[in-house]
Asks: 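First the structure, which I've put down as structure tokens, then a few questions once you've had a look.
Labels below follow one simple rule: chain letters A, B, ... track the order of the sequence lines, proteins then strands, and each chain is numbered from 1.
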Protein chains: 2
Amino acid sequence: MNTQKVTIADVAKRAGVSKGLVSFALNDRPGVSPETRTRILAVAGDLGWKPSLRARSLSTRRSFALGLVVARNPEVLGSDPFFPSFIAGVESILSDRGQALVLSVVPSEEAEIRSYRQLVDDGRVDGVFLTDLRHDDPRIPLLTELGLPAVTLGRPDGPSPFPAVSIDDTPGIAESVAYLARLGHRRIAHIAGSSTMLHGTRRRDAFEAALCTAGLPLGQTIETDFSVAAGSDATRRLLTREDAPTAIVYANDPMAIAGLGVAHELGIRVPDELSITGFDDIDFSRYVYPPLTTVSATPVVWGRAAATTLLALIETGAADDVNLPAARLIIRGSAAAPAHTRKSAT
Amino acid sequence: MNTQKVTIADVAKRAGVSKGLVSFALNDRPGVSPETRTRILAVAGDLGWKPSLRARSLSTRRSFALGLVVARNPEVLGSDPFFPSFIAGVESILSDRGQALVLSVVPSEEAEIRSYRQLVDDGRVDGVFLTDLRHDDPRIPLLTELGLPAVTLGRPDGPSPFPAVSIDDTPGIAESVAYLARLGHRRIAHIAGSSTMLHGTRRRDAFEAALCTAGLPLGQTIETDFSVAAGSDATRRLLTREDAPTAIVYANDPMAIAGLGVAHELGIRVPDELSITGFDDIDFSRYVYPPLTTVSATPVVWGRAAATTLLALIETGAADDVNLPAARLIIRGSAAAPAHTRKSAT
DNA sequence: CTGAAAGCGCTTACAG
DNA sequence: CTGAAAGCGCTTACAG
């Protein structure tokens, strides 16, 4: 209950020094003799002094907080565990360093821009995480103009003054396609994410490149917004066609799980009559039936790395890009040799 | 780029008044003539003055931010869309009121307590949301001691000085059981959430009461931690028993979806041979097959109400409890008459 | 209705 | 190595 009662002045008086010196001792700055420093710190401890963050903020013009503004629509936000995990990773770094996370969830791109401006106008944060990178992402020039440090998750497609923390998702898609091709599939489709998102396009490009590598004809691709609903619709369209694919590579797990539902509904057995692969390895993926063959993702690791990088950037003014281990294929039960291959093998 | 350059002193000088008066005008306090106020505000507008939140924080001892600390384990956090939606609801209120949300995700109960203490030591927030209420929740005495305003989601089982914003989930469970009983089920089991959580116990109690109302014998109940993995295990245990139930009422959708997977794996058809119901109506629930009969939840509405209440409490020092509309049963495809009933009906 | 001053609790040149 | 003072940009009694 005594909290916030004792101030730097109390410590100074009790230690018989000036407030300035207490501040120097606290911040480990040169100009205080070791003995004096020790004495000051001891007095501070005795008194239970907790330096006021608000006062420090005012004089240092720092907020000791990092920001994350999320502009996903509520549905895809809810069915995708990326953010909870990413945030858990971020927090594991921040909590030990006395930093806080300010989270903003906004419904539109306009609201997103307003949110960033508000954050800097209010001096709420010292830097932000840029997730879900888009093509020619408007946030990069915006933050540059605002002078707010940032770290991007993945490398932007335009010029960027910010360090990037990346996980290459190309190998995961490539492995998925190669695996399906090896099983004997020739009509492989892709249910892609939004083409406004960098990772939507990148996974799609990886899919097409992998098809090419495997010597397979170009497959059908349907673009979605990454939502469960869109994944469901796209699957239905694909499966009710004349030349329905025998395998579908999904750009994320939630859509793949929805696809599983559609297949069940249509009486198409997975993996016997249809193979599917996902992306992200969300918790659900191993508990649906059949368990989903998918690509691992490590959002917690990404969160830690991004937080570490952003903090370094803020403190030192510079930080290197970091490349995290690529996502890999995890083979479970949702893919198998296509029906005709099986028949001819019998 | 001019941001944060112009201060209250500039406005005062330009308007020919004292800083104090500018402050009064800004805060709509009595003691400024209408003309003067208008003139001051006009000057402020011209100059593009944005009052410094940091300076206001220091002198008012307020942070203009609200806190949410989440202590769920990463898995259940990720598969349950409650938090993203709840937060979206909270933000929709906060953003218009110049408030920010500081989010803390912690791995343990000790870390949780430390997090709250840190939040008040640093004066990061003016109040917090208490979610996932537990029995004899230690956070209530803790926050009382710390003097931090809070709002609870649901009513605690012990004494609490804080307003509660509640959604009664009892009717939803009661309706689920009544519906299954009406379909002809007599062996209905419950896969419950954690008994340390108030909503885990409450749903379980509602289940047992509903069974009683329906004149059915006490069903089997298995307690879990609400996770997908636990829901899967519990379902397997139930279905491989001699006296396997013909229907299962799950305490949340993620577990019900895992249950669907187990049933598929065991070759038990849903709903023909097994009926299941969920709780929460998460986005996935309508896209699995068969689509899940479940109970609606409105986390966004809950978020708005909780934010409104907490802000009222902080500003006026008091706020009333609020009761939101109860969750209701949503009938989809995962429940039907039990197999033997069907047979005898043929 | 208005002004001048002190205060919120730190940090940071500037002297010594 | 140390002290006294000014400053960060607001708010808030206190006088008039």
Asks: Below 4.0 angstrom from OP1 or OP2 of D/dC10, is there any side-chain N or O of B/W49?
Replies: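 Indeed, a polar side-chain atom of B/W49 lies that close.
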Asks: State whether the side chain of B/T152 and the backbone N or O of B/R155 hold a donor-acceptor pair below 3.5 Å, judged by distance alone.
Replies: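 Checked: no pair found.
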Asks: Would you please confirm or rule out a distance under 4.0 Å between OP1 or OP2 of D/dC10 and any side-chain N or O of B/T60?
Replies: no
Asks: Can A/R72 be said to sit on top of A/F83's aromatic six-ring, NZ or CZ under 6.0 Å from centre and within 45° of the ring axis?
Replies: no
Asks: Quick one: does B/L66's side chain get under 4.5 Å of B/I314's, heavy atoms only?
Replies: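 The answer is yes; the side chains approach within 4.5 Å.
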Asks: If I compare all heavy atoms of B/P156 with all of B/S160, which pair ends up nearest, and what's the gap?
Replies: CG-CB, 3.6 Å
Asks: In whole angstroms, how far is the P atom of D/dA13 from the CZ atom of B/R29?
Replies: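 The distance from CZ of B/R29 to P of D/dA13 comes to 7 Å, rounded to the nearest Å.
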Asks: Send over the distance from A/D122 CG to D/dG9 P, rounded to a whole Å.
Replies: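 The distance from CG of A/D122 to P of D/dG9 comes to 15 Å, rounded to the nearest Å.
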Asks: In this structure, how many angstroms lie between the P atom of D/dC8 and the CD1 atom of B/I8, rounded?
Replies: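 After rounding, the gap between these two atoms is 14 Å.
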Asks: How long is the line joining CZ of A/R62 and P of C/dT11, in whole Å?
Replies: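 Computing the A/R62:CZ to C/dT11:P distance gives 12 Å.
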Asks: Look at A/R56 and C/dT11 and indicate whether a side-chain polar atom (N or O) is within less than 4.0 Å of OP1 or OP2.
Replies: yes
Asks: Rounded to whole Å, please give me the gap between CG in B/L26 and P in D/dT11.
Replies: 6 Å
Asks: Looking at C/dC1, I'd like to know if its phosphate oxygens (OP1 or OP2) sit under 4.0 Å from a side-chain N or O belonging to B/T36.
Replies: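 Answer no for this pair, as no side-chain N or O of B/T36 is under 4.0 Å from OP1 or OP2.
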Asks: Would you mind telling me which of C/dT12, C/dT11, C/dC8 lies closest to the side-chain atoms of B/S59?
Replies: C/dC8
Asks: Between B/K19 and B/G16, which has a closest nucleotide on DNA chain C that is more 5'?
Replies: B/G16
Asks: Select one nucleotide: of C/dT12, C/dC8, C/dT2, the one nearest the side-chain heavy atoms of B/L58.
Replies: C/dC8
Asks: Applying the Watson-Crick and G-U wobble criteria at under 3.5 Å, what pairs with D/dG16? Answer none if nothing qualifies.
Replies: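 Partner of D/dG16: C/dC1.
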Asks: Distance-only, no hydrogens or angles: does the A/R304 side chain make a donor-acceptor pair with backbone N or O of A/S92 under 3.5 Å?
Replies: no
Asks: A/A55 or B/P34: which one's nearest nucleotide on DNA chain C is closer to the 5' end?
Replies: B/P34
Asks: Give the rounded distance in Å between these two atoms: CD of B/E35 and P of C/dC1.
Replies: 8 Å
Asks: Quick one: is B/S23 getting a side-chain N or O under 4.0 Å of the D/dT11 phosphate, OP1 or OP2?
Replies: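 B/S23 to D/dT11 OP1/OP2: side-chain N or O found under 4.0 Å.
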Asks: If you check the A/V17 side chain, which of D/dG3, C/dC10, D/dC1 turns out closest?
Replies: D/dG3
Asks: Does a side-chain heavy-atom distance below 4.5 Å link B/V90 with B/L94?
Replies: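 Counting from C-beta outward, B/V90 and B/L94 do come under 4.5 Å.
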Asks: Once you round it to whole Å, what is the distance between C1' of C/dT2 and CZ of B/F24?
Replies: 10 Å
Asks: Counting heavy atoms from C-beta on, name the nucleotide in C/dG3, C/dT12, D/dT2 closest to the side chain of A/V32.
Replies: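 In terms of side-chain proximity for A/V32, the closest of C/dG3, C/dT12, D/dT2 is D/dT2.
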Asks: I need the CZ-C1' distance between B/R61 and C/dC10, as an integer number of Å.
Replies: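 Interatomic distance, CZ of B/R61 to C1' of C/dC10: 13 Å.
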Asks: Would you say C/dC8 has OP1 or OP2 under 4.0 Å from some side-chain N or O of A/T7?
Replies: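 Result: no.
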